[in-house]
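Have a look at the structure below, then the notes.
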Amino acid sequence: MNFGRILLVKCLLLLSPSVRCSVATRMYRAVNESALLSVAAAAGDVYDATWLRGRNKLLRLNNRTVRYYVPRDQCRCKIFLNGTLQIENVVKEDSGSYTVTVYLENGKLVAEEQTALVVLEPVPQPILSAECINKTASVKCEVKQKRKDETFLIELTQDKTKKLQKNGTRLELHTRYSGPFRCVVKNQVSEKTAEKVIKCSGQLDLYLIFIIAGGAVFFVAFVILITYCIRKKQRQKYEGDGEEQVMQACKVESEMVVRKLPQPPCSLTPKQLRVQQRPLPLPQPQPQPQPLPPRPRPRAQPPAPSRPRQRP
């Protein structure tokens, strides 16, 4: 919250108490806050100080005694020994020009200062909305006015794109990009923010496009790499099997060379050719052996006769 106080002219009493200083300031306060209107020329306690609002007297401090010219409950104000005026629970009707005059005990004018008090309402909560037209987002940030003379500073931001408008109540931004948007509405006494992620249908974010394209390239490269590795392994396997077969063939051939029989002569005589071309006799069937007749069974022998026992 900004309680800016703009100093237009500032003058301090340094050496001679007869120096007259004129100070004009501007002060902003929110409704229901307290406002402190100080005396720039006062280095300590003052003897005589009178505060006026416009041309009407509010109160006077004289020799540590305070006199009110308006009802205290209506003024809602009090004065300190250094001449500072305090207004509690300010309302918009308290806005205006306040003047203080400071005198010494001998009646000489020390300073005359003026303060412009501006009481403002806190800004309302902004409303952030969007409308999609032909893949273009029309983002609006607006606030509802309580009074016709109320104006605000509106700031609408999307990534690095920022748009400002002073003394307005509505701001609109057209863009082809989606994402988070931030709307800030503020005045001299308050500030409020609204944030929203806005995406239009059929609209792809640039980062999302890059991510999809990168993923597709990575997938294709991965498939190519896998295919290359599989073919390389198959080629190595076939080469290994071929070498093994060659080695086995060489081994068999060497054994055959060792056991090689004498080859027939290259030139044969006509008689040898006739002998070789003569058909071989067919094998004769062998007679089957006849089964032998069965042998006669042995006759059973009669049992031996039993002998009589002899007496002892």
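Between the side chain of Glu113 and the backbone N or O of Ala40, at least one donor-acceptor pair lies under 3.5 Å. Thr84 contributes no side-chain N or O that, together with a main-chain N or O of Phe80, makes up a donor-acceptor pair within less than 3.5 Å. Of the possible polar contacts, one joining the Gln125 side chain to the Thr193 backbone as a donor-acceptor pair under 3.5 Å is found. A donor-acceptor pair under 3.5 Å is absent between the side-chain atoms of Trp51 and the main chain of Thr101, judged by distance alone.
Every residue meeting the side chain to side chain contact (heavy atoms under 4.5 Å, CB included) condition with Ser129, not counting sequence neighbours, appears here in chain and number order: Lys140. Under the side chain to side chain contact (heavy atoms under 4.5 Å, CB included) criterion, Thr99 pairs with Ser97, Glu112, Gln114, sequence neighbours left out.
By the criterion of side-chain heavy atoms lying less than 4.5 angstrom apart, applied directly or through intervening Ile, Leu, Val, Met, Phe, Trp or Tyr residues, Val143 is grouped together with Leu128 in one hydrophobic cluster. Cluster annotation: Ile87 is connected to Val70 through the hydrophobic network of ILVMFWY side chains, with a link wherever side-chain heavy atoms come within less than 4.5 Å.
A 4.5 Å side-chain heavy-atom check between Val110 and Tyr103 finds every atom pair outside the cut-off. Val66 has its side chain out of reach of Arg60: every pair of non-hydrogen atoms, C-beta onward, lies at least 4.5 Å apart. At least one side-chain heavy atom of Lys78 sits less than 4.5 Å from a side-chain heavy atom of Tyr68. The closest side-chain heavy-atom distance from Ile226 to Ile224 is not below 4.5 Å.
The list of disulfide bond (SG atoms under 2.5 Å apart) pairs with a residue in residues 149-186, not counting sequence neighbours, reads Cys141-Cys183. Within the structure, the salt bridge (Lys or Arg N to Asp or Glu O under 4.0 Å) test picks out the following pairs touching residues 92-104 (sequence neighbours left out): Arg76-Asp94. Listed by first then second residue, pairs satisfying disulfide bond (SG atoms under 2.5 Å apart) with a partner in residues 59-88 read Cys75-Cys77, not counting sequence neighbours.
Taking OG of Ser190 as the reference point, atom CD of Glu33 lies at 9.0 Å (rounded to 0.5 Å). Considering CD1 of Ile198 and CD of Gln158, their distance stands at 9.0 Å, rounded to 0.5 Å. A distance of 11.0 Å separates CG of Asp45 from CG of Asn63, quoted to the nearest 0.5 Å. Within the model, atoms CG of Leu36 and OG1 of Thr115 stand 11.0 Å from one another, a figure rounded to the nearest 0.5 Å. The line from OG1 of Thr136 to CZ of Arg176 is 4.5 Å long, rounded to the nearest 0.5 Å.
Residue Val184 shares its hydrophobic cluster (ILVMFWY side chains chained together at separations under 4.5 Å) with no other residue.
In summary, the side chains of Asp48 and Asn62 do present a donor paired with an acceptor at a separation below 3.5 Å, with no hydrogens or angles considered.
Cation-pi check for Lys196 over Phe181 is not met; the charged atom does not lie both under 6.0 angstrom from the ring centroid and within 45 degrees of its normal.
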